[in-house]
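The structure under discussion appears below in the form of structure tokens.
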Amino acid sequence: MRIATWNVNSIRSRIDRVEAWLQRSDCDVLALQETKATDEQFPFERLRALGYEVAHHGLNQWNGVAVLSRVGLEDVQVGFENMPMWGDPLGAEARALGATCGGVRIWSLYVPNGRSLEDPHLAYKLDWLAHLRDAAAKWLADNPSAQVALVGDWNIAPQDEDVWDMEFFADKTHVSPPERAAFSAIVEAGYTDVVRPHAPGPGVYTYWDYQQLRFPKRQGMRIDFVLGSPALTARVEGASIDREERKGKGASDHAPVIVDLANL
DNA sequence: ATGGTGGGTGTCCCA
């Protein structure tokens, strides 16, 4: 079974690319982030026509997460337990969607962007991650052999090699100790980065800013991850980052991240 | 040539 995650940065502007990618990638499950669409605007039919069941959660032009599956899609859940809210008026943002696909509990996650070290959005991001940790720990406590994949755009570079220049990021988010601690807490709760062993760094990234010619200059960040529960991690046979998809006109600023699981 | 972006409900906000 092949699963993947991809921040598409607007499904409406990227639908041709997503269709073409699905047609060539032999993917069974694809989690999307930043669909930037309401459910009404989401192109369900074009994806169903490719053989996928589709669950989407989108409230407005921001955020938005989806799960596509051709191996079943059951028990869809919008948001995780006690997920923090944001905004005025206070409300849940469309940042987490769970679904069971082929026996794997997939969570498509779009972790809040902290914006800057002084911004209240950073505290929101840390709180959101702490509650995700609590929810994910409980899923494993309830069933230690559960196959769970926490996938998506984490907006964190956990190691120094995950950014192109630590000096550039010295006063920026994504690499700060509190953010890295929040990521580590989820790892310590039992979830493993299953891609890194198959795509070692340095210089291996999943995101390149549109600005400043970051992609051709190979100045990226590794911020999109697939974290597997122990039972899922045991099934991983390979993984890759589809850097080719970042090339050319009309690319998302993120590349798809792909994981291959042994059949049961 | 020392600059160079691209989404969205757009002339501002968000990444």
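Below, chain A is the first sequence line, B the second, and so on; all start at residue 1. Keep in mind the model is a prediction, meaning the values are calculated, not measured.
Residue Phe215(A) is classed as having no contact, given no heavy-atom separation below 4.0 Å to the nucleic acid. Within 4.0 Å of Asn60(A), counting heavy atoms only, lies at least one base atom of the nucleic acid. No contact: Arg214(A) has no heavy atom under 4.0 Å from any strand.
The C1' atoms of dA1(B) and dG6(B) are separated by 23 Å, rounded to the nearest whole Å. Spacing between dT9(B) and dC13(B) at atom C1', rounded to whole Å, works out to 11 Å. Going from the P atom of dC14(B) to that of dG10(B) covers 14 Å, rounded to whole Å. Rounded to whole Å, the P atom of dG3(B) lies 25 Å from the corresponding atom of dG7(B).
By the rule that a glycosidic angle within 90° of 0 means syn, dG10(B) does not qualify and counts as anti.
Between Trp164(A) and Tyr205(A), the ring center distance fails the sub-6.0 Å criterion. Checked against the 6.0 Å centroid threshold, Trp128(A) and Phe80(A) count as a close aromatic pair.
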Salt bridge (charged side-chain N to carboxylate O under 4.0 Å, His left out) evaluation trace for Asp26(A) with Arg70(A):
CA-CA 10 Å; Asp26(A) 196 28; Arg70(A) 62 181 189 191; 2.6 Å; yes
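For DNA chain B, the span of nucleotides reached by chain A at under 4.0 Å from its heavy atoms goes, 5' to 3', from dG4(B) to dA15(B).
A salt bridge links Asp142(A) and Lys138(A); the closest N-O separation between the charged side-chain nitrogens and carboxylate oxygens is under 4.0 Å. A salt bridge is defined here as a Lys NZ or Arg NE, NH1 or NH2 lying under 4.0 Å from an Asp or Glu carboxylate O, and Glu245(A) with Arg24(A) meets this definition.
DNA chain B is contacted by both Asn9(A) and Glu34(A); Asn9(A) maps to the nucleotide lying nearer its 5′ end (nearest heavy atom per residue). In terms of position along DNA chain B, the nucleotide closest to Leu213(A) lies nearer the 5' end than the nucleotide closest to the other residue of the pair Leu213(A) and Pro112(A).
Side-chain contact between Leu117(A) and Ser176(A) is present, with heavy atoms from C-beta onward closer than 4.5 Å.
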